[in-house]
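Here the structure is a predicted model, which is why all the values come from computation and not from measurement. Just so you know, ligand 1 is whichever comes first in the structure, and atom 1 is the first atom listed for that ligand.
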Amino acid sequence: MTDGARRRVVAIDGPAGSGKSTIARAVAERLGLPVLDTGAMYRAITLAVLEAGADPGDPAAATRIAADAGLEMEGGVVLGGHDVASAIRGPEVTAAVSIVAAHPEVRRVLVERQRRWIDAHGGGVLEGRDIGTVVVPDAAVKVFLVASDDVRARRRQADEADARRAVTVEEMREAMAQRDALDRGRSVSPLRPADDAIVVDNSRRGIDSIADEIAARFHEAAGGELEG
Ligand code: DC
């Protein structure tokens, strides 16, 4: 990554359902930067693993599939030429993604792709779990988004309801707690705030107020040197 590109990065990390995508889009709009949903990348590789009939728990198979996958993140999520934006939100992928994302070699492949994306775009807003800690440790602004368990479960349940799957808020809360435990407990790149991240509670404040603050911090951090 070039210095200039990584200093034009906003890193947005946090657990499932904390509202990262909504905040990332609002910030990107204010700053005129593109967004990269890195969770969608882990999901796409997981879909490829399942479609290949491989075991998500097999690190060698998952790494080979990650390295060979024709994954395009421009204008959606495209895997081997097919739009998989909705397929990656299915229950099979959701159930297996934390297992695939825990393989260090899979992470190495995807982190490399994320850094190339940053260089190609001259910066951007990246959302994920390890953006501020691993992918871009010197991002201009690092945000760790949190929300109450209840708000997170309701938000995800509404997403699933859109996809016409019947899941109760209680089931959702349980599934999310399991996935969070895997994401927080893994030995490589566990979910945690970077030391210099600002922790923002998204159940207490509106989107506009949060996005305005992040955009202002970006301008402050970037100073005059990045203007224009
Ligand atoms: O944000 P999401 O629910 O789409 O993320 C899917 C999974 O991918 C989640 O279990 C955590 C993992 N992930 C990760 O390990 N690192 C990232 N940078 C982004 C997502």
Side-chain angles (χ1 to χ4, degrees), residues 9-25 35-50 56-57 59 62-63 65-66 69 71 73 76-77 79 84-118 124-137 139 142-147 149 151-153 155-160 162-163 167 172-194 197 202:
V9 168
V10 176
I12 302 187
D13 292 304
S18 56
K20 295 187 296 291
S21 299
T22 307
I23 298 293
R25 277 196 299 270
V35 181
L36 183 63
D37 174 359
T38 63
M41 297 174 76
Y42 286 94
R43 285 174 178 271
I45 297 307
T46 303
L47 179 66
V49 166
L50 296 176
T63 304
I65 289 166
L71 176 61
M73 297 299 293
V77 188
L79 184 69
V84 295
S86 73
I88 60 169
R89 306 286 158 197
E92 296 85 6
V93 170
T94 299
V97 64
S98 289
I99 300 164
V100 171
H103 300 311
E105 293 299 325
V106 169
R107 303 197 68 83
R108 211 189 306 273
V109 169
L110 290 190
V111 167
E112 187 51 43
R113 284 186 187 215
Q114 289 152 18
R115 290 179 177 155
R116 281 205 303 270
W117 181 93
I118 292 169
V125 180
L126 280 80
E127 56 156 301
R129 303 290 192 288
D130 62 339
I131 309 303
T133 52
V134 175
V135 182
V136 203
K142 300 180 190 178
V143 180
F144 194 83
L145 212 53
V146 296
D149 287 354
V151 165
R152 295 169 54 216
R155 194 176 278 140
R156 277 287 155 120
Q157 196 234 10
D159 291 350
E160 302 272 317
D162 285 350
V167 196
M172 187 58 65
R173 196 199 306 260
E174 181 62 27
M176 287 173 60
Q178 282 178 10
R179 207 143 64 84
D180 283 352
L182 282 172
D183 292 342
R184 288 204 171 90
R186 69 181 171 223
S187 53
V188 178
S189 313
L191 172 66
R192 68 168 179 84
N202 189 22

Subject >> salt bridge (charged side-chain N to carboxylate O under 4.0 Å, His left out) partners for Arg107, two or more places apart >> reply: Asp130

Subject >> Check: Leu126 main-chain N/O paired with Lys20 side-chain donor or acceptor under 3.5 Å >> reply: no

Original post:
Mind checking what residues have non-hydrogen atoms under 4.0 angstrom from ligand 1?
Top reply: Thr38, Gly39, Tyr42, Arg43, Arg89, Val97, Ser98, Ala101, Arg107, Gly128, Arg129, Asp130, Arg156, Arg179, Asp183, Arg186

Original post:
Between the main-chain N or O of Gly17 and the side-chain N or O of Arg155, is there a donor-acceptor pair closer than 3.5 Å?
Top reply: yes

Original post:
Donor-acceptor pair, Arg115 side chain versus Val135 backbone, under 3.5 Å?
Top reply: yes

**OP:** Applying side chain to side chain contact (heavy atoms under 4.5 Å, CB included), name anything that partners Ile99, two or more places apart in sequence or on another chain.
**Re:** Pro56

**OP:** Could you pull out all residues at least two apart from Arg25 that satisfy side chain to side chain contact (heavy atoms under 4.5 Å, CB included)?
**Re:** Ser21, Thr22

